[in-house]
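Report on the following structure.
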Amino acid sequence: MQKMKRKIKNVLIIAEIGVNHNQNINLAKKMIKSAKSSGADAVKFQIYKTEEIILKNARTAPYQKRNTKVSDQFQLLKKLELSTKNFDTLFEYAKKIKIKASASIFDLSSAKYLIKKKPDFIKIPSGEITNFKLLNFIARFKKKIILSTGASSLIEIQNAISILLKKGVRKKNITILHCVSNYPTSINNINIGSISYLKRYFKLDIGLSDHTKSTLVPSYSVYSGAKVIEKHFTLKKSLSGPDHKSSLNPREFKEMVKSIRNSELIYGYEKKIIGLSESKNKFFIRKSLVANKRIKKGQKFTKYNITAKRPGDGVCASKYFYFLGKIAKKNYEKNEKL
């Protein structure tokens with residue numbers, strides 16, 4: 001019998017604020033506070049220098065254009081870019097209210113800045129999985145890496161992992177996230193089965209970067225072994241910006257967190273445990289060996305004169321074959337325990 005812990009909390013839940021701050025530092029601070037109140041373990045932003053990551057006149061993705069009416073991706077991202085001074089303020093605020101903070105990085109200068117902040121992890125977004133220059137640079141610092149795999153083939157994921165490992169990142173410090181790069185992702189396209197598949201294939205910690213509107217999809221991923229769950233977070237879905245509509249509001253996020261934590265309790269431990277609660281019932285549901293008819297001293301025990309009946313406080317029914325052929329050392333009445 002093993003006494004089970006009352007709570008199991010292994011999944012890191014990340015509120016992806018991303019660019020939902022709309023370049024407003026006060027809004028960003030409110031989002032950090034609200035994410036913590038909603039149960040998030042960490043908040044995550046997107047740190048980038050627009051000029052370093054995108055060419056001018058690059059078109060916006062269909063979902064970006066649909067949600068913002070802006071067709072120029074450079075113009076869109078420039079209006080959502082925060083300065084490192086702003087991020088200094090946000091990281092300090094997160095530290096003050098005791099919630100982890102990190103960011104997705106898209107360029108070398110932003111990576112250098114983030115590394116100096118000594119975050120618990122560095123996020124490599126799906127779009128950077130083939131950016132070998134960036135991967136090579138980040139790997140040198142041997143930090144914990146969370147790697148999203150949206151729109152990536154197995155060989156592309158393997159190549160990215162190989163660079164990280166070759167440059168010194170320890171295998172135990174890499175977590176890959178199943179991700180579908182569509183905003184929002186419909187539930188018939190999320191394919192949660194990929195999580196257990198990727199876990200077996202790469203033998204790394206696994207998680208989910210979820211872009212569905214569902215509050216339940218992340219909890220299902222727990223049963224596939226997810227250790228990290230990332231979900232876009234907003235204060236209001238009606239705010240302007242590319243990601244607000246596919247984000248969860250505080251009420252929804254809190255509901256999601258509750259569902260994830262319940263799933264952790266349901267999943268339990270990856271080993272066979274006899275819990276304290278069920279051990280109390282073992283006496284009532286198991287059987288003891290008893291005389292099936294009157295047995296005289298000196299008679300042999302046979303399949304005809306012994307059987308098993310509840311409760312299980314006598315000789316265990318598993319001793320049945322041991323007793324067959326043995327000699328009774330006393331008289332037994334019918335239904336008397338051996």
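The shown structure was predicted, so the numbers you read here are calculated from the model rather than taken from an experiment.
With no hydrogens or angles considered, a side-chain donor-acceptor pair links Asp107 and Ser110 at under 3.5 Å. For the 3.5 Å distance criterion, the side chains of Ser194 and Asn191 qualify, holding a donor opposite an acceptor. For the residue pair Lys44 and Ser104, a side-chain donor N or O sits within less than 3.5 Å of a side-chain acceptor on the partner. A donor atom on one side chain and an acceptor atom on the other are not found under 3.5 Å apart for Ser246 and Asp243. Checking Ser219 against Ser259 by side-chain atom types alone, a donor-acceptor pair falls below 3.5 Å. There is no side-chain donor-acceptor pair under 3.5 Å between Asp72 and Gln75.
Residue pairs that meet the salt bridge (Lys or Arg N to Asp or Glu O under 4.0 Å) test with at least one member in residues 76-85, sequence neighbours left out, are Glu51-Lys78, Lys78-Glu81. Applying the side chain to side chain donor-acceptor pair (under 3.5 Å) test to residues at least two apart or on different chains, the pairs with a partner in residues 157-175 are Gln158-Ser162. Identified under the salt bridge (Lys or Arg N to Asp or Glu O under 4.0 Å) test for residues 246-257, with sequence neighbours left out: Lys237-Glu252, Arg251-Glu255. For residues 132-148, the side chain to side chain donor-acceptor pair (under 3.5 Å) pairs, not counting sequence neighbours, are Lys123-Ser148. Within the structure, salt bridge (Lys or Arg N to Asp or Glu O under 4.0 Å) contacts touching residues 291-317 (residues at least two apart or in different chains) are Arg294-Glu333, Asp313-Lys337.
Met256 CE to Phe233 CZ: the interatomic distance, rounded to the nearest 0.5 Å, is 9.5 Å. Here Met31 contributes atom CE and Ser247 contributes atom OG; the two are 7.0 Å apart, rounded to the nearest 0.5 Å. From Leu90, atom CG reaches atom CG of Leu82 across 6.5 Å, with rounding to the nearest 0.5 Å. Interatomic distance, Asn86 CG to Phe91 CZ, rounded to the nearest 0.5 Å: 12.0 Å.
A search for side-chain contact (heavy atoms from CB on, under 4.5 Å) contacts involving Lys65 returns Thr60, Ser71, not counting sequence neighbours. Every side-chain contact (heavy atoms from CB on, under 4.5 Å) that Val217 has, sequence neighbours left out, goes to Ile187, Ile190, Ile192, Leu208, Asp210, Thr212, Ser214. Scanning for side-chain contact (heavy atoms from CB on, under 4.5 Å) contacts around Lys258 gives Asn262, with sequence neighbours left out. Contacts of His21 classified as ring pair (Phe, Tyr, Trp, His ring centres under 6.0 Å), with partners at least two apart in sequence or in another chain: none. Applying the side chain to side chain donor-acceptor pair (under 3.5 Å) rule to Asn331 yields no partners; only residues at least two apart in sequence or on another chain are considered. For the ring pair (Phe, Tyr, Trp, His ring centres under 6.0 Å) test, no residue two or more places apart in sequence or in another chain qualifies with Phe106.
Hydrophobic clustering (side-chain heavy atoms under 4.5 Å, transitive across Ile, Leu, Val, Met, Phe, Trp, Tyr) keeps Ile14 apart from Leu114. Residues Ile105 and Leu164 share a hydrophobic cluster, clusters being chains of Ile/Leu/Val/Met/Phe/Trp/Tyr side chains in contact below 4.5 Å.
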Apply the test side-chain contact (heavy atoms from CB on, under 4.5 Å) to residues Ile327 and Gln299: give CA-CA distance (whole Å), side-chain angles for both, the deciding distance (0.1 Å), then the verdict.
-> CA-CA 6 Å; Ile327 304 298; Gln299 282 186 320; over 6 Å; no
May I have the step-by-step check of side-chain contact (heavy atoms from CB on, under 4.5 Å) for Ile229 and Ile260, ending in yes or no?
-> CA-CA 9 Å; Ile229 292 172; Ile260 291 170; 3.7 Å; yes
Chi angles and distances behind the side-chain contact (heavy atoms from CB on, under 4.5 Å) call for Tyr197, Leu154 | CA-CA 11 Å; Tyr197 175 77; Leu154 288 176; 3.5 Å; yes
Decide yes or no on side-chain contact (heavy atoms from CB on, under 4.5 Å) for Leu324 and Ile306, but give the supporting numbers first.
-> CA-CA 9 Å; Leu324 289 181; Ile306 62 173; 4.0 Å; yes
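Within the 3.5 Å criterion, the main-chain N or O of Ile295 finds no donor-acceptor partner in the side chain of Asn305. For Arg200 (side chain) and Ile195 (main-chain N/O), no donor-acceptor pair under 3.5 Å exists by modelled atom type. The backbone N or O of Thr130 sits nowhere less than 3.5 Å from a side-chain atom of Glu156 that would complete a donor-acceptor pair. The backbone N or O of Leu276 sits less than 3.5 Å from a side-chain atom of Ser279, completing a donor-acceptor pair. The main-chain N or O of Gly150 is found under 3.5 Å from a side-chain atom of Ser152 such that the two form a donor-acceptor pair. In this structure a side-chain-to-backbone donor-acceptor pair under 3.5 Å is present from Lys326 to Tyr322.
The cationic group of Lys29 lies under 6.0 Å from the six-membered ring centre of Tyr93 and within 45° of the ring axis, placing it in a cation-pi geometry. Figure legend: cation-pi geometry between Lys330 and Tyr332, with NZ or CZ positioned under 6.0 Å from the six-membered ring centre and within 45° of its axis.
A 4.5 Å side-chain heavy-atom check between Asn22 and Leu80 finds at least one atom pair inside the cut-off.
Note: Tyr223 and Tyr267 have tilted aromatic rings, judged against thresholds of 30 and 60 degrees for the angle between ring planes. Ring planes of His211 and His232: tilted class, angle from 30 to 60°.
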Which pairs would a plain distance check flag for residues 95-102, meaning a side-chain donor or acceptor within less than 3.5 Å of a matching protein atom at least two apart in sequence or in another chain?
residue, atom, partner, partner atom, Å
Ser102, OG, Phe121, O, 2.4

